[in-house]
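Okay, so here's the structure we're looking at.
All heavy atoms count here, side chains included; hydrogens, waters and symmetry mates do not.
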Amino acid sequence: MTQSATLAGVFDDLAPRYDHEHHEEVARALLALAAPGPVDAVADVACGAGAVALQLARGRSAAAPPVLAVDVSPRMIEAGRARAAAEGLPATAVDWRLADAVPLPVADGCLDVVLCASSLHFLGGRAVADWRRALRPGGRVGFTLPLATHFRPSERFRALLAADVPLPGGAGEACAWAAASGFTDAAARVHVLGDRRVVVVSAVTPGGR
């Protein structure tokens, strides 16, 4: 079984009892730091039930392109669509895609912002390389990672962790890793959620004016 198929199965199983409140708070912290513009072309990578995509879509102009929300789990995509409908969002506000997050189903250099909440440590470094491909020069990436000192995954989730994405011990380590991964102007904050700690990172693709 491929890594993508395994992730799909795990998150399909998780969908009925997904912790929406936790992921909504992570999404708020990520959007506050990455700060997408009102008409930016944005992708929410490994979107889960759509916390990032839905929060972003709520405040978007009608002239803005749909937020691209990509996930490998059919049940997570179904949950995101259902939440959007329940909120009365226009059907065109979010472009829900059932697809592998790597590579993103977009052309090279077509995105202004790539966002990824609570998933990069499963996707691995290949995701970061693909984000550089998909972003225009000067585009922004925003992602979160669990703080190494507070991360206590179950055995099932531990087996899915990507070996090439080190969990940071603090904001400085997260910024250094973003720079080593080919981004500039990295900023990071540690966000406290009860007994959990999440590092929120924003950085820029080189080449912008």
Nearest-0.5 Å distance that lies between atom CG in L68 and atom SG in C47:
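Between L68 CG and C47 SG, I get 8.5 Å after rounding to 0.5 Å.
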
Spacing of OG belonging to S73 relative to CG belonging to L98, to within rounding of 0.5 Å:
8.0 Å

Does any N or O in the side chain of R132 come within less than 3.5 Å of the main-chain N or O of P206, such that one atom is a donor and the other an acceptor?
no

Within the side chain of S119, is there an N or O that forms a donor-acceptor pair under 3.5 Å with the backbone of A117?
yes

To check you understand the geometry: which heavy-atom pair defines the closest contact between [X] and [Y], and what is its length?
X	Y	answer
A107	C110	O-SG, 3.2 Å
A178	A186	CB-CB, 4.1 Å
A171	R189	CB-N, 4.3 Å
A188	V201	CB-CG2, 4.1 Å
V165	G125	CG2-N, 3.7 Å
A53	A69	CB-CB, 4.0 Å

Applying the side-chain contact (heavy atoms from CB on, under 4.5 Å) criterion to V42, which one of V52, V114, L56 satisfies it?
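Per the side-chain contact (heavy atoms from CB on, under 4.5 Å) rule, the option paired with V42 is L56, out of V52, V114, L56.
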
What I'd like to find out is whether the side chain of [X] reaches to under 4.5 Å of the side chain of [Y], using heavy atoms alone.
X	Y	value
W131	T205	no
W96	E78	no
V94	D44	no
L104	R133	yes
P105	V70	yes
L161	F122	yes
P166	W177	yes
R140	P36	no

Path from [X] to [Y] over hydrophobic side-chain contacts below 4.5 Å:
X	Y	answer
L120	V72	yes
V113	F183	no
V26	V67	yes
V128	V45	yes
L30	M76	no

Can I get a per-line list of side-chain donor-acceptor pairs under 3.5 Å for residues 190-199, giving both atom names and the distance, sequence neighbours left out?
residue, atom, partner, partner atom, Å
H191, NE2, E25, OE2, 3.4
R196, NH1, H22, ND1, 3.1
R196, NH1, H22, NE2, 3.3
R197, NH1, G194, O, 3.1

D112 vs R136, salt bridge (Lys or Arg N to Asp or Glu O under 4.0 Å): CA-CA, chis, key distance, verdict:
CA-CA 6 Å; D112 297 300; R136 64 170 177 78; 2.5 Å; yes

Below 3.5 Å, can you tabulate the donor-acceptor pairs from side chains in residues 141-152 to any protein atom, sequence neighbours excluded?
residue, atom, partner, partner atom, Å
T144, OG1, S118, N, 2.8
R152, NH1, T149, O, 3.3
R152, NH2, T149, O, 3.2

